[in-house]
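What follows is one structure encoded as structure tokens, with my remarks underneath.
Note that the numbering runs from 1 along the sequence shown for the chain. It should be emphasised that the depicted structure is a prediction, and the values quoted were computed from it without experimental measurement.
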Amino acid sequence: MPPGAGRAAHGEEGTASVELVAVVPFLLLALLVAAQIALAGQALWSASVAARAGARAALVGGDASAAARSALPPAMRKGARVEEGAGVEDGGKVSVRVEVRRLIPALPDVRVGASSGLEAGDE
């Protein structure tokens, strides 16, 4: 070790700990944002699956609203809005809107939705 190197490093003790303490809140914030985006994606995916299930039920003459709601996860069913098209001219179109769960209650309410319509011959 060169002479004087020990004295130069002596004032640097503990800086890594201070830097870590400064960075941890930003890492937690990034994790929270990523988790909230994942919840929004899951809500959008669920709305899409429910709209497709409702459109299939409408195509065969079933209850599109009940089919769409049953395709949603139980936690999303209560606040879901299901709208059915006017009939054959609408292609059995079903729209589903669900609320995105919030990790922080202070965040604004966000709803996502999807629509689907099937015609005879579609699967």
Side-chain angles (χ1 to χ4, degrees):
M1 184 187 301
R7 285 182 304 217
H10 180 69
E12 302 283 325
E13 288 179 6
T15 58
S17 297
V18 171
E19 291 169 358
L20 179 64
V21 167
V23 169
V24 165
F26 294 107
L27 292 175
L28 290 175
L29 179 64
L31 181 65
L32 188 65
V33 167
Q36 188 65 59
I37 290 171
L39 284 174
Q42 189 255 349
L44 182 59
W45 182 272
S46 295
S48 176
V49 168
R52 178 103 173 145
R56 287 183 142 193
L59 183 65
V60 298
D63 186 357
S65 181
R69 285 186 188 282
S70 68
L72 286 170
M76 290 184 185
R77 289 180 189 161
K78 182 180 178 188
R81 293 185 187 154
V82 179
E83 296 176 5
E84 300 177 48
V88 178
E89 66 276 357
D90 230 2
K93 184 175 178 182
V94 177
S95 297
V96 178
R97 294 186 55 82
V98 295
E99 194 172 313
V100 176
R101 272 190 35 218
R102 295 174 291 164
L103 293 174
I104 299 175
L107 290 175
D109 289 338
V110 175
R111 296 184 76 81
V112 295
S115 297
S116 184
L118 296 173
E119 297 176 4
D122 290 344
E123 292 185 29

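- For the side chain to side chain donor-acceptor pair (under 3.5 Å) test, no residue two or more places apart in sequence or in another chain qualifies with Ser46.
- Shortest non-hydrogen contact noted between Ser116 and Ala55 is O-CB, 3.6 Å.
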Check residues 63-75 and write down every donor-acceptor pair under 3.5 Å in which the side-chain atom is one partner and the other belongs to a residue at least two apart or another chain.
{"from": "Asp63", "atom 1": "OD1", "to": "Ser65", "atom 2": "N", "distance (Å)": "3.3"}
{"from": "Asp63", "atom 1": "OD1", "to": "Ala66", "atom 2": "N", "distance (Å)": "3.4"}
{"from": "Arg69", "atom 1": "NH1", "to": "Arg77", "atom 2": "O", "distance (Å)": "3.1"}
{"from": "Arg69", "atom 1": "NH1", "to": "Ala80", "atom 2": "O", "distance (Å)": "3.2"}
{"from": "Arg69", "atom 1": "NH2", "to": "Ala80", "atom 2": "O", "distance (Å)": "3.1"}
{"from": "Ser70", "atom 1": "OG", "to": "Ala66", "atom 2": "O", "distance (Å)": "3.3"}
{"from": "Ser70", "atom 1": "OG", "to": "Ala67", "atom 2": "O", "distance (Å)": "3.0"}

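- Between Lys93 and Ser115 there is a side-chain heavy-atom pair separated by less than 4.5 Å.
- Residues passing the side chain to side chain donor-acceptor pair (under 3.5 Å) test with Ser48: none are found, sequence neighbours excluded.
- Here CZ of Arg81 is found 12.5 Å from OG of Ser95. Values are rounded to the nearest 0.5 Å.
- Here side-chain hydrogen bond (donor to acceptor under 3.5 Å, both in side chains) pairs that include residues 103-113, with residues two or more places apart or in two chains, are Arg102-Asp109.
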Sequence neighbours excluded and cut-off under 3.5 Å, please list the side-chain donor-acceptor pairs for residues 23-45, or say none.
{"from": "Gln36", "atom 1": "OE1", "to": "Leu103", "atom 2": "N", "distance (Å)": "2.9"}
{"from": "Gln36", "atom 1": "NE2", "to": "Arg101", "atom 2": "O", "distance (Å)": "2.8"}

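- Residues Val49 and Val98 do not share a hydrophobic cluster, defined by chaining ILVMFWY side chains whose heavy atoms lie under 4.5 Å apart.
- The hydrophobic clustering, which links ILVMFWY residues whose side-chain heavy atoms are closer than 4.5 Å, places Val94 and Leu59 apart.
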